[in-house]
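The structure appears right after this line, and notes come after that.
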Amino acid sequence: MELYKTNQLKIYNSLSKSKEIFKPVLEGNVGMYVCGPTVYSNVHLGNVRTFMSFDLVFRYLQHLGYKVRYVRNITDAGHLTDDDSEDKISTKARLEKIEPMEVVQKYTVDFHTILHKLNFLPPSIEPTATGHIIEQIEIIKDILAKGMAYEVNGSVYFDVLKYNETENYGILSGRKIEDSIENTRTLDGQSEKKNPQDFALWKKADESHIMRWPSPWSDGFPGWHLECSAMSTKYLGKTFDIHGGGMDLKFPHHECEIAQSNVNNHVHPVNYWMHTNMLILNGQKMSKSTGNYILPNEIFTGENNILSKPFSPSATRFFMFQANYRSILDFTSAGLEASEKGYLKLIEAINVLDKIETSSSSSIDIKAWKQKCYDAMNDDFNSPVLIAQLFEAVKYVNLLIDKKETLTVNDLQEFKATIHTFVFDVLGLKNEVEQDSSDKINGVIELLIQMRKDARDNKDWNLSDKIRDELASLGIQLKDGKDGTTFSVN
């Protein structure tokens, strides 16, 4: 039986602002769309947290036995810096004096490289905005035909006030349209619009605009919000299960997606909206203008002025799961150091699992502990509670090694399998301790253990004690037992 049939998963739905029991559109299948990066600069660490949160969701859903189609787009055109300026990629292309698609390629490669280092699973489909211009144009035609958009001077705008007469523009964010009118900034070109809060579906490109496509209205480019409506519904259907992104996208981006899709398909597009919270740095918002930011590679190399030392990708990943995805996470050197110690403690416990001896009875209730791990993840993917249960498992390992607790053969197998599942398959960590402790190093330690045994056999106690003490000073503890000497790295 698939695990999802025996586990009641609850997801916090930003639309209802409550946790709901997850029921997919099609039993056994999940369609999930996550707003991907705008590839005009190195991937932001805050964005990495968002994508990592949904990598966890993807991994767990797959573990439960769902067939998941995970779509994460690449925005390579149309992301306006404000309502009437050039998109971010064209702006960067002018600054670097290269073609826009060179910008796209450069930073798409960077994005994939960083995610690979952090052991992300690739999405099922990774569509691009430029690869779906035709689909976006067709949606605009449909919205125009239904009277919910209008053309002005070659540009097309969505009529928010008219839409709000029969629907609720603000259903996701909770914003009232009256407030959005009062708070809308005055921007160049807004005189084209009927209402200041209307948003662009298509923008006419002026002569200096680099990226442009032909359309029935003008040579131009699509509005930023439109691509996600086009690609999500194309690959996941008119109504799909999960739509994710950072909380900063809730308004206006996701609000506009809902409006567009409602008009185009006559149905709300998403059943469960999920939003990740902010990642802050040393208690302050990350900002390139203030210098309070750090790039992922700078964490791995230690080439920065913020952290005390380099941190590995798995230690960094482990840190990111110390808070639930809906909570603010403060990225600090002290926090990373603590997480690194916890990560190493966890991996070292895993590395001695095979040394546990079995018994005729079990003194630990492994099934109850295992259920607590599932309960944590079933409660809106609560990674910190799961991690607490994994540290409980570390205590069990130490007690079992010291023979203060016992497990049967079957319980030990279930214990090992569960730990490996949640540490490696669900949390996506790697055994970097195992990678760092090469066969050659292990061989040297075993050689020293044999030399110590020979010294003891020859009653050369000075040499025997020196080998033991020198290894201890390096953090390598020897343990003498009836079956010989073993070692552990502290």
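Between Ile449 atom CD1 and Thr485 atom OG1 the span is 6.0 Å, to the nearest 0.5 Å. The distance from the CG atom of Leu61 to the CE atom of Met377 is 8.5 Å, given to the nearest 0.5 Å. The distance from the CZ atom of Phe381 to the CG atom of Asn324 is 10.0 Å, given to the nearest 0.5 Å. The distance from atom CG of Asp330 to atom CG of Leu281, rounded to the nearest 0.5 Å, is 7.5 Å. Here Leu471 contributes atom CG and Phe487 contributes atom CZ; the two are 9.5 Å apart, rounded to the nearest 0.5 Å. Atom NE2 of His243 sits about 12.5 Å away from atom CG of Asn271, to the nearest 0.5 Å.
The backbone N or O of Glu298 lies less than 3.5 Å from a partner atom in the side chain of Asn304, making a donor-acceptor pair. Looking at Arg49, its side chain does come within 3.5 Å of a backbone N or O of Asn277 through a donor-acceptor pair. Remark: the backbone N or O of Gly31 is paired with a side-chain donor or acceptor of Asp241 at under 3.5 angstrom. Side chain of Arg59 to main chain of Asp425: a donor-acceptor pair is present (N/O by atom type, distance under 3.5 Å, no hydrogens or angles). For the pair Glu255 (side chain) and Ser173 (backbone), a donor-acceptor distance under 3.5 Å is present. Under the 3.5 Å distance criterion, the side-chain polar atoms of Thr38 are left unmatched by any main-chain donor or acceptor of Thr75. Checking side-chain atoms of Tyr343 against main-chain N and O of Thr316 turns up no donor-acceptor pair under 3.5 Å. Not a single donor-acceptor pair under 3.5 Å links the side chain of Thr108 to the backbone N or O of Gln105. With Asn378 contributing its side chain and Asn7 its backbone, the two residues share no donor-acceptor pair below 3.5 Å.
Nearest heavy atom pair, residue Ser308 against residue Glu337, reads OG-OE2, 2.5 Å. Here the shortest heavy-atom pairing between Cys35 and Leu249 reads CB-CD1, 3.6 Å. Of all heavy-atom pairs spanning Leu427 and Phe321, the tightest one is O-CE1, 3.3 Å. Between Pro313 and Leu118, the shortest heavy-atom distance links the atoms O-CD2, 3.5 Å. Between Pro24 and Asn29, the shortest heavy-atom distance links the atoms CB-O, 3.1 Å. Contact between Cys373 and Leu386 at its shortest, heavy atoms only, is CB-CD1, 3.8 Å.
In the displayed structure, Arg69 atom CZ is contacted under 6.0 Å by at most 12 heavy atoms of other residues, nucleotides or ligands. Within a 6.0 Å radius of NZ in Lys479, other residues, nucleotides and ligands contribute 12 heavy atoms or fewer. Under a cut-off of 6.0 angstrom, the local environment of NZ in Lys10 is sparse, with at most 12 non-hydrogen atoms contributed by other residues, nucleotides or ligands. Within a 6.0 Å sphere centred on CG of Asn305, heavy atoms belonging to other residues, nucleotides or ligands number 12 at most. Around OH of Tyr40, the count of heavy atoms belonging to other residues, nucleotides or ligands within 6.0 Å does not exceed 12. Counting non-hydrogen atoms of neighbouring residues, nucleotides and ligands closer than 6.0 angstrom, the CD atom of Glu446 exceeds 12 such neighbours. Annotation: Lys355, atom NZ; neighbour count of heavy atoms from other residues, nucleotides and ligands within 6.0 Å is above 12. Within a 6.0 Å sphere centred on NZ of Lys250, other residues, nucleotides and ligands contribute more than 12 heavy atoms.
In this structure, the ring of Phe120 has its center no less than 6.0 angstrom from the ring center of Phe54. Not less than 6.0 angstrom separates the ring centroid of Phe311 from the ring centroid of Phe319.
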Candidate pair Val68 and Ser124, rule side chain to side chain contact (heavy atoms under 4.5 Å, CB included), full reasoning: CA-CA 8 Å; Val68 186; Ser124 313; 5.7 Å; no
Test log, rule side chain to side chain contact (heavy atoms under 4.5 Å, CB included), inputs Asn398 and Glu405: CA-CA 9 Å; Asn398 292 330; Glu405 300 282 2; over 6 Å; no
Evaluation steps, side chain to side chain contact (heavy atoms under 4.5 Å, CB included), between Phe22 and Leu64: CA-CA 12 Å; Phe22 179 64; Leu64 290 181; over 6 Å; no
Full working for side chain to side chain contact (heavy atoms under 4.5 Å, CB included) between Tyr325 and Met274: CA-CA 9 Å; Tyr325 73 92; Met274 296 178 66; 3.4 Å; yes
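Between His254 and Ile258, the closest side-chain pair of non-hydrogen atoms is not below 4.5 Å. Looking at Asn13 and Ser18, their side chains never come closer than 4.5 Å, going by heavy atoms from C-beta outward. Leu429 has its side chain out of reach of Asn119: every pair of non-hydrogen atoms, C-beta onward, lies at least 4.5 Å apart. Counting only heavy atoms from C-beta outward, the side chains of Leu400 and Ile364 approach each other to under 4.5 Å. Between Val30 and Gln62, every side-chain heavy-atom pair lies at or beyond the 4.5 Å cut-off. The closest side-chain heavy-atom distance from Ile356 to Leu407 is not below 4.5 Å. Looking at heavy atoms from C-beta onward, Val34 lies in side-chain contact with Tyr70 at the 4.5 angstrom threshold. Contact check for Phe318 versus Ile387: side-chain heavy atoms found under the 4.5 Å cut-off.
Ionic pairing of Lys372 and Asp375 is not present here: no N-O contact between side-chain nitrogen and carboxylate oxygen is shorter than 4.0 angstrom. For Glu432 and Arg317, the salt-bridge test fails: no basic side-chain N is under 4.0 Å from an acidic carboxylate O. Salt-bridge check for Lys106 with Asp110: failed, with every basic side-chain N at 4.0 Å or more from each acidic carboxylate O.
Paired with Tyr66 under the rule ring pair (Phe, Tyr, Trp, His ring centres under 6.0 Å), one option of Phe58, Tyr60, Tyr4 passes, and it is Tyr4. The side-chain contact (heavy atoms from CB on, under 4.5 Å) test with Arg456 singles out one residue from Leu463, Ile467, Asp480, and that residue is Asp480. The side-chain contact (heavy atoms from CB on, under 4.5 Å) with Pro37 is formed by just one residue from the set Ile74, Asn42, Val48, Thr50; it is Ile74.
Side chains of Ser312 and Ser314: a donor-acceptor N/O pair is absent below 3.5 angstrom, by distance only. Donor-acceptor pairing under 3.5 Å is lacking for the side chains of Asn292 and Asn282. Under the 3.5 Å distance criterion, with hydrogens and angles disregarded, no donor-acceptor pair is assigned to the side chains of Asn410 and Glu414. A side-chain donor-acceptor contact under 3.5 Å links Asn297 and Lys117.
In this pair, His132 and Tyr235 present their aromatic rings perpendicular. The plane angle is above 60°, beyond the 30 to 60° band. Taking the six-membered ring for Trp and thresholds of 30 and 60 degrees, His275 and Trp273 have nearly parallel ring planes, at less than 30 degrees apart. Note on ring orientation: taking the six-membered ring where Trp is involved, the planes of Phe199 and Tyr169 are parallel (angle under 30°, cut-offs 30° and 60°).
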